[in-house]
Amino acid sequence: MAPRKVLIVEDEAPIRQMIAFNLTRAGFDVEEAGDCSTARARIADSRPDLVLVDWMLPDSSGLELTRALRRDEASRELPVIMLTARAEERDKITGLEGGADDYITKPFSARELLARINALLRR
């Protein structure tokens with residue numbers, strides 16, 4: 001079976017690279033994007049199995065990207081985990097109501113992230 005593909009949408013390169021390293025070690029095929037426009041292009045070119053999205057990105061918000069994915073029939077069912085420093089309860093609610101399937105606040109552990117990714121991909 002081919003490895004599952006995860007797209008990481010994160011503008012901070014060190015965080016993106018750390019996540020990519022851990023996911024690659026866990027057997028995932030990883031693609032990276034530093035902004036929403038690159039993420040949209042990656043999704044159109046090669047649909048991932050799951051998307052990790054930071055809320056605050058340079059060209060648009062990750063929340064807007066998530067909402068756009070939910071509006072598009074081709075990506076409506078794509079699992080999305082919001083991975084962000086925004087830790088207030090209202091932010092979590094907004095993220096989940098905006099279409100994220102899960103919400104993880106920074107800092108986070110790689111083990112928890114892997115567990116949450118695997119749980120979503122089992123569905």
Side-chain angles (χ1 to χ4, degrees):
M1 182 164 102
R4 304 302 279 284
K5 187 184 304 180
V6 175
L7 173 61
I8 304 166
V9 187
E10 167 66 60
D11 61 323
E12 295 184 44
I15 294 172
R16 193 173 63 240
Q17 291 163 357
M18 183 268 303
I19 296 168
F21 173 80
N22 284 297
L23 293 181
T24 301
R25 264 188 42 197
F28 288 95
D29 181 14
V30 176
E31 290 195 12
E32 301 178 34
D35 56 47
C36 291
S37 61
T38 304
R40 285 185 184 98
R42 297 250 191 289
I43 292 167
D45 289 344
S46 173
R47 188 174 189 269
D49 295 299
L50 183 138
V51 182
L52 295 174
V53 181
D54 184 21
W55 187 314
M56 300 195 298
L57 295 164
D59 59 345
S60 181
S61 77
L63 182 60
E64 284 304 313
L65 174 63
T66 301
R67 288 177 175 154
L69 292 172
R70 294 297 176 241
R71 286 190 300 265
D72 186 344
E73 191 173 326
S75 60
R76 185 170 290 143
E77 300 298 320
L78 184 61
V80 175
I81 297 176
M82 186 138 315
L83 187 61
T84 179
R86 296 181 71 138
E88 296 289 323
E89 179 184 27
R90 69 176 176 260
D91 294 325
K92 294 175 186 179
I93 292 167
T94 300
L96 293 167
E97 288 179 347
D101 296 291
D102 201 352
Y103 193 102
I104 303 174
T105 57
K106 297 174 186 174
F108 57 92
S109 82
R111 289 180 58 203
E112 179 183 4
L113 178 60
L114 283 170
R116 289 174 181 257
I117 288 170
N118 286 322
L120 267 177
L121 291 175
R122 279 194 301 268
R123 294 183 188 166

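Atom set for the values below is all heavy atoms of this structure, side chains included, hydrogens, waters and symmetry mates excluded.
- Expressed to the nearest 0.5 Å, how far CD of E77 lies from CG of L69 amounts to 12.0 Å.
- Two residues are said to be in side-chain contact when any heavy atoms from C-beta on lie closer than 4.5 Å; S46 and E31 meet this criterion.
- Residues I15 and L83 are members of one and the same hydrophobic cluster, defined by side-chain heavy-atom contacts under 4.5 angstrom among Ile, Leu, Val, Met, Phe, Trp and Tyr.
- Residue M18 places its CE atom among more than 12 non-hydrogen atoms of other residues, nucleotides or ligands, all under 6.0 Å distant.
- Salt-bridge annotation for E12 and R16: absent, with no side-chain N of the basic residue lying under 4.0 Å from a carboxylate O of the acidic one.
- Taking CD of E97 as the start and CZ of R90 as the end, the distance is 13.5 Å to the nearest 0.5 Å.
- Using a 4.0 Å cut-off between charged nitrogen and carboxylate oxygen, D101 and R70 count as a salt-bridge pair.
- Judged purely by atom type and a 3.5 angstrom limit, R67 has no side-chain atom pairing as donor or acceptor with the backbone of G99.
- Proximity of a side-chain donor or acceptor of D11 to a complementary backbone N or O of D35 within less than 3.5 Å is not detected.
- Note: the hydrophobic cluster containing V51 does not contain L114 (ILVMFWY, side chain heavy atoms under 4.5 Å, direct or indirect links).
- In this structure the side chain of T105 never reaches within 4.5 angstrom of the side chain of D91, judged on heavy atoms.
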Set out, in order, the CA-CA distance, both residues' side-chain angles and the distance that settles side-chain contact (heavy atoms from CB on, under 4.5 Å) for L113 and N22, then state yes or no.
CA-CA 10 Å; L113 178 60; N22 284 297; over 6 Å; no

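- How far CG of L23 is from CG of L7: 11.0 Å, rounded to the nearest 0.5 Å.
- Between E89 and K92, no side-chain nitrogen of the basic residue sits less than 4.0 Å from a carboxylate oxygen of the acidic one, so the salt-bridge criterion is not met.
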Intermediate values then yes/no, side-chain contact (heavy atoms from CB on, under 4.5 Å), V9 and D54:
CA-CA 6 Å; V9 187; D54 184 21; over 6 Å; no

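- Considering only heavy atoms from C-beta on, T94 stays 4.5 Å or farther from R86 through its side chain.
- Counting non-hydrogen atoms of other residues, nucleotides and ligands closer than 6.0 Å to CZ of F108 gives a total above 12.
- No side-chain heavy atom of D29 sits less than 4.5 Å from a side-chain heavy atom of D49.
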Derivation and outcome, side-chain contact (heavy atoms from CB on, under 4.5 Å), residues D59 and T38:
CA-CA 10 Å; D59 59 345; T38 304; over 6 Å; no

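- Annotation for T66 and A100: closest pair CG2-N, 3.6 Å, computed over non-hydrogen atoms.
- Side-chain contact between I43 and P48 is present, with heavy atoms from C-beta onward closer than 4.5 Å.
- Other residues, nucleotides and ligands contribute over 12 non-hydrogen atoms within 6.0 Å of the CZ atom of R76.
- With hydrophobic clusters built from ILVMFWY side chains whose heavy atoms lie under 4.5 angstrom apart, V30 shares a cluster with L52.
- Closest heavy-atom contact between L65 and C36: CB-SG, 3.9 Å.
- The minimum heavy-atom distance between P79 and L120, with the atom names listed, is CB-CD1, 4.3 Å.
- Cluster annotation: L96 and I117 are assigned to distinct hydrophobic clusters (Ile/Leu/Val/Met/Phe/Trp/Tyr, side-chain heavy-atom contacts under 4.5 Å, transitive).
- With hydrophobic clusters built from ILVMFWY side chains whose heavy atoms lie under 4.5 angstrom apart, L121 shares a cluster with I104.
- Within the 4.5 Å cutoff, the side chain of F28 has no heavy atoms near those of the I8 side chain.
- Taking every heavy atom of both residues into account, G34 and P58 meet most closely at O-CD, 3.6 Å.
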Tell me, with the steps shown, if V6 and I19 meet side-chain contact (heavy atoms from CB on, under 4.5 Å).
CA-CA 10 Å; V6 175; I19 296 168; over 6 Å; no

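- Residues R47 and L78 form a side-chain contact, since some pair of their non-hydrogen atoms from C-beta on lies under 4.5 Å apart.
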